[in-house]
**Student:** 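So that we are looking at the same thing, I have put the structure below in structure tokens.
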Amino acid sequence: MTTSGVDSSTVPQVANTGRVSARADAGVPIGGNVIAAWRSWWTWTPGNGTHNLQISWNVIGKNSTVFIIASEIDSHGTRFVAAAPIRVSSVAPGNGVVNFKIHIEWNKPIPMRTDVMVFN
């Protein structure tokens, strides 16, 4: 994906991913018009600045509702709140992918984790 033009920034790259086991009653409607919910996470190489990123995941469709949160992580992959503001914006699901903008407001690259929740 592309960066926002910040010369001193580093684009994060996917380092690892994890899937949370499916619900035992995955075929049962959850409520309202939601019939399936999926949750997963991705860790990213250190980055900073503002970048357009993409996650490929076959459960995402163009009409999915996708929530993404981002957190700084330590060397063990544990999430924590630190001084660096990290924000997610402009989430746009497509067929098999979700595109989003990440804002890592720090003067040097830091590692992060994105947690993703998909509702279909």
**Student:** Which atom names give the shortest non-hydrogen contact between S71 and I86, and what distance separates them?
**Tutor:**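 Nearest pair, atom of S71 first, then I86: C-CD1, 4.0 Å.
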**Student:** Passes side chain to side chain contact (heavy atoms under 4.5 Å, CB included), M117 versus T65? Steps please.
**Tutor:** CA-CA 8 Å; M117 186 81 180; T65 299; over 6 Å; no
**Student:** Just checking N33: does its CG atom have more than 12 heavy atoms from other residues, nucleotides or ligands closer to it than 6.0 angstrom?
**Tutor:**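 Atom CG in N33 is not packed in, count stays at 12 or less.
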**Student:** Could you state the interatomic distance from CZ (F67) to CZ (R39), rounded to the nearest 0.5 Å?
**Tutor:**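 Spacing of CZ (F67) from CZ (R39) equals 14.5 Å.
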**Student:** Is a donor on one side and an acceptor on the other found under 3.5 Å between the side chain of N120 and the backbone of V59?
**Tutor:**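 Answer holds: yes.
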**Student:** Within the structure provided, determine whether E105 and R87 are in side-chain contact (heavy-atom separation under 4.5 Å).
**Tutor:**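 Side-chain contact under 4.5 Å: yes.
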**Student:** Just wondering, do I55 and T114 contact through their side chains at under 4.5 Å, heavy atoms?
**Tutor:**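 Result yes, sub-4.5 Å side-chain heavy-atom pair found.
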**Student:** Tell me whether H103 contacts the main-chain N or O of H51 through its side chain, where contact means a donor paired with an acceptor under 3.5 Å.
**Tutor:**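 Not confirmed, H103 side chain does not pair with H51 backbone.
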**Student:** Can you tell me if T43 uses its side chain to pair, donor with acceptor, with the backbone of N16 under 3.5 Å?
**Tutor:**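 A pair under 3.5 Å: yes.
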**Student:** Rounded at 0.5 Å granularity, tell me how far CD in Q54 sits from CZ in F100.
**Tutor:**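 Here the interatomic distance stands at 9.5 Å.
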**Student:** In Å, rounded to the nearest 0.5 Å, how long is the span from CH2 of W44 to CZ of R113?
**Tutor:**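 Between atom CH2 of W44 and atom CZ of R113 there are 13.0 Å.
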**Student:** Between side-chain atoms of residues 76-85 and protein atoms elsewhere (two or more places apart, or another chain), which donor-acceptor pairs fall under 3.5 Å?
**Tutor:**
unit_1: R79; atom_1: NH1; unit_2: D115; atom_2: OD1; d: 3.1
unit_1: R79; atom_1: NH1; unit_2: D115; atom_2: OD2; d: 3.4

**Student:** Using modelled atom types and a 3.5 Å cut-off, is there a donor and acceptor pairing between side-chain atoms of S40 and backbone atoms of G18?
**Tutor:**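 Yes.
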**Student:** What pairs meet the salt bridge (Lys or Arg N to Asp or Glu O under 4.0 Å) rule with one or both residues in residues 57-68, with sequence neighbours excluded?
**Tutor:**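 Matches after skipping sequence neighbours: none remain.
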**Student:** Please answer whether the main-chain N or O of P12 pairs with a side-chain N or O of T45 as donor and acceptor at a distance below 3.5 Å.
**Tutor:**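 The answer is no, because no donor-acceptor pair under 3.5 Å joins these two groups.
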**Student:** Should V98 and V88 be regarded as members of a common hydrophobic cluster, given that ILVMFWY residues are connected when their side-chain heavy atoms come within less than 4.5 Å of each other, either directly or indirectly?
**Tutor:**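 Same cluster: V98 reaches V88 through Ile, Leu, Val, Met, Phe, Trp or Tyr contacts under 4.5 Å.
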**Student:** Which atom pair, heavy atoms only, marks the closest approach of M112 to L53?
**Tutor:**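 Minimum heavy-atom contact is CE-CD1, 3.9 Å.
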**Student:** In sequence, state the C-alpha distance, the side-chain angles, and the governing distance for V66 and I68, and then conclude on side chain to side chain contact (heavy atoms under 4.5 Å, CB included).
**Tutor:** CA-CA 7 Å; V66 180; I68 302 173; 4.0 Å; yes
**Student:** Flag yes if V91 and I69 sit in one hydrophobic cluster, no otherwise; membership is Ile, Leu, Val, Met, Phe, Trp, Tyr, and two members link when side-chain heavy atoms are under 4.5 Å apart.
**Tutor:**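 V91 does not cluster with I69.
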**Student:** State which residues pass ring-ring contact (aromatic ring centres under 6.0 Å, His included) with W57; sequence neighbours excluded, sorted by chain then number.
**Tutor:**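 Counting only residues at least two positions away or on another chain, W57 forms a ring-ring contact (aromatic ring centres under 6.0 Å, His included) with W42.
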**Student:** Taking the side chain as every heavy atom from C-beta outward, state whether T50 and I102 have any pair of such atoms under 4.5 Å apart.
**Tutor:**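 With C-beta onward as the side chain, the pair stays apart.
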**Student:** Hey, are S9 and N48 close enough side-chain-wise for a donor-acceptor pair under 3.5 Å?
**Tutor:**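 Looking only at side-chain atoms, S9 and N48 do not form any donor-acceptor pair under 3.5 Å.
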**Student:** Considering all heavy atoms of both residues, which atom of I60 and which atom of P93 are nearest to each other, and what is their separation?
**Tutor:**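 The pair with the smallest heavy-atom distance is CG2-CB, 3.8 Å.
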**Student:** Can you find a heavy atom in the side chain of I110 that is under 4.5 Å from one in the side chain of P46?
**Tutor:**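 The answer is no; the side chains never approach within 4.5 Å.
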